[in-house]
Amino acid sequence: MVIVRAMGGLGNQLQQYALYRKLEYMGKDARLDTSWFHNEALQANMPAGRELELDYLNLPPYKVASEAEICALLGRLWEEPEHIGAKIKRKLCPATNLAFEENGLYHPQILSMENKYLVGYWACEKYYGDILDTLREDISFPKCSDGVLQRRNEEMSRQMEETMSVSVHIRRGDYLDEINRGLFGGICTEAYYHKAITYMKERVPGARFYFFSDDVSYVREHYQGEEYQVIDWNHGRDSFYDMMLMSRCRHNICANSTFSFWGARLNAHRDKIMIRPSIHKNTQVCVPEQMKELWTGWILVTPQGGFA
């Protein structure tokens with residue numbers, strides 16, 4: 001059995017789900033461990049509580065790892081302290097370690113592992129790029145319980161399909177917090193967005209840009225013109241409908257955010273242009289040849305406004 005730990009926001013959850021589906025596609029006995037979302041102590045350490053938003057979406061049934069299955073594999077639940085004897089054994093004989101923690105961009109060996117507990121975010125598209133068509137068919141968004149909001153999103157979806165639409169995700173909010181700024185800040189700069197938007201305008205005649213942001217005032221101040229429109233009505237539990245609307249656009253400009261990565265991934269237009277920052281975190285060093293192999297088909301733009 002291979003168990004994939006689910007954690008984080010919706011974009012991260014979809015990546016963990018996609019890896020789980022990839023393992024199933026390969027014929028493995030796979031499970032998702034969703035216990036992170038039910039652990040009050042872990043949630044208390046988060047700046048904002050997270051919910052299992054996978055269950056908001058229309059997905060094929062997935063297998064959830066039980067506590068008994070996790071303990072049978074690890075000898076404990078993941079968040080519980082490891083027994084000193086197990087620690088010593090793992091250090092003396094690394095092959096006995098039944099957990100694998102992500103520590104780089106891409107770990108191809110995890111696809112051949114058996115009896116492992118996988119902990120990570122698995123953003124690299126190469127893990128599941130070959131099943132994205134299947135995932136697009138299987139991942140859909142339910143109707144909103146608010147009829148007014150449902151009609152508004154339906155009308156916007158039609159408009160996006162009928163125009164040369166480009167989604168633009170600008171994430172500021174929590175990325176401006178001191179705790180996150182050093183890791184995620186200064187990547188999707190004004191130079192990044194200028195280059196990305198200019199690139200789209202040169203290749204998509206009549207492009208109309210739809211902005212999604214947690215800082216609407218900033219967007220309205222910096223992007224004024226008939227070709228720009230701000231989407232600002234999906235809030236709280238309904239925020240995931242922004243991902244749906246991103247996926248309805250013909251082309252996508254992403255932030256260093258897995259939320260907009262999935263807006264672009266779920267975009268089914270075959271001629272789509274997808275732009276993402278050359279790095280996701282400031283701890284990452286971009287090696288262009290490597291990134292182009294791991295993110296096939298994406299345009300990579302640097303924080304300085306150049307191409308990687």
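Residue numbers count from 1 along this sequence. Remember, it's a predicted structure, so these values are computed and weren't measured experimentally.
Judged as a side-chain contact (heavy atoms from CB on, under 4.5 Å), and not counting sequence neighbours, the contacts of R208 are Q159, Y210, Q229. Under the rule for a salt bridge (charged side-chain N to carboxylate O under 4.0 Å, His left out), the partners of R172 that lie at least two apart in sequence or sit in another chain are D215. Scanning for salt bridge (charged side-chain N to carboxylate O under 4.0 Å, His left out) contacts around K126 gives E293, with sequence neighbours left out. With sequence neighbours left out, the side-chain contact (heavy atoms from CB on, under 4.5 Å) criterion links D271 to H269. The ring pair (Phe, Tyr, Trp, His ring centres under 6.0 Å) search around Y127 returns Y106, W122, not counting sequence neighbours. Legend: residues meeting side-chain hydrogen bond (donor to acceptor under 3.5 Å, both in side chains) with Y25, ordered by chain and number and at least two apart, are absent. With sequence neighbours excluded, the residues satisfying ring pair (Phe, Tyr, Trp, His ring centres under 6.0 Å) with W295 are F261, W298. Applying the side-chain hydrogen bond (donor to acceptor under 3.5 Å, both in side chains) criterion to R171, with sequence neighbours excluded, gives D174, Y175, S257.
Residue pairs satisfying the salt bridge (Lys or Arg N to Asp or Glu O under 4.0 Å) criterion with at least one member in residues 144-157, sequence neighbours excluded, are listed as follows: E155-R158. Residue pairs meeting the salt bridge (Lys or Arg N to Asp or Glu O under 4.0 Å) criterion with at least one partner in residues 297-308, sequence neighbours excluded, do not occur; the list is empty. Among residues at least two apart or in separate chains, salt bridge (Lys or Arg N to Asp or Glu O under 4.0 Å) pairs with a member in residues 9-27 are R21-D138, K22-D130. For residues 192-207, the pairs satisfying side-chain hydrogen bond (donor to acceptor under 3.5 Å, both in side chains) are Y199-R203, K201-E227, K201-Y228, with sequence neighbours left out.
No continuous path of hydrophobic side-chain contacts links I273 to M291 [ILVMFWY only; heavy atoms under 4.5 Å].
Side-chain N/O atoms of W233 and D238 include no donor and acceptor closer than 3.5 Å. S167 and N252 form a side-chain donor-acceptor contact under 3.5 Å, judged by distance and modelled atom types alone.
With values rounded to the nearest 0.5 angstrom, M200 atom CE is found 8.5 Å from I299 atom CD1.
Between the side chain of N282 and the backbone N or O of G185 there is at least one donor-acceptor pair closer than 3.5 Å.
Ion pairing between R220 and D232 holds under the 4.0 Å rule for side-chain N and carboxylate O.
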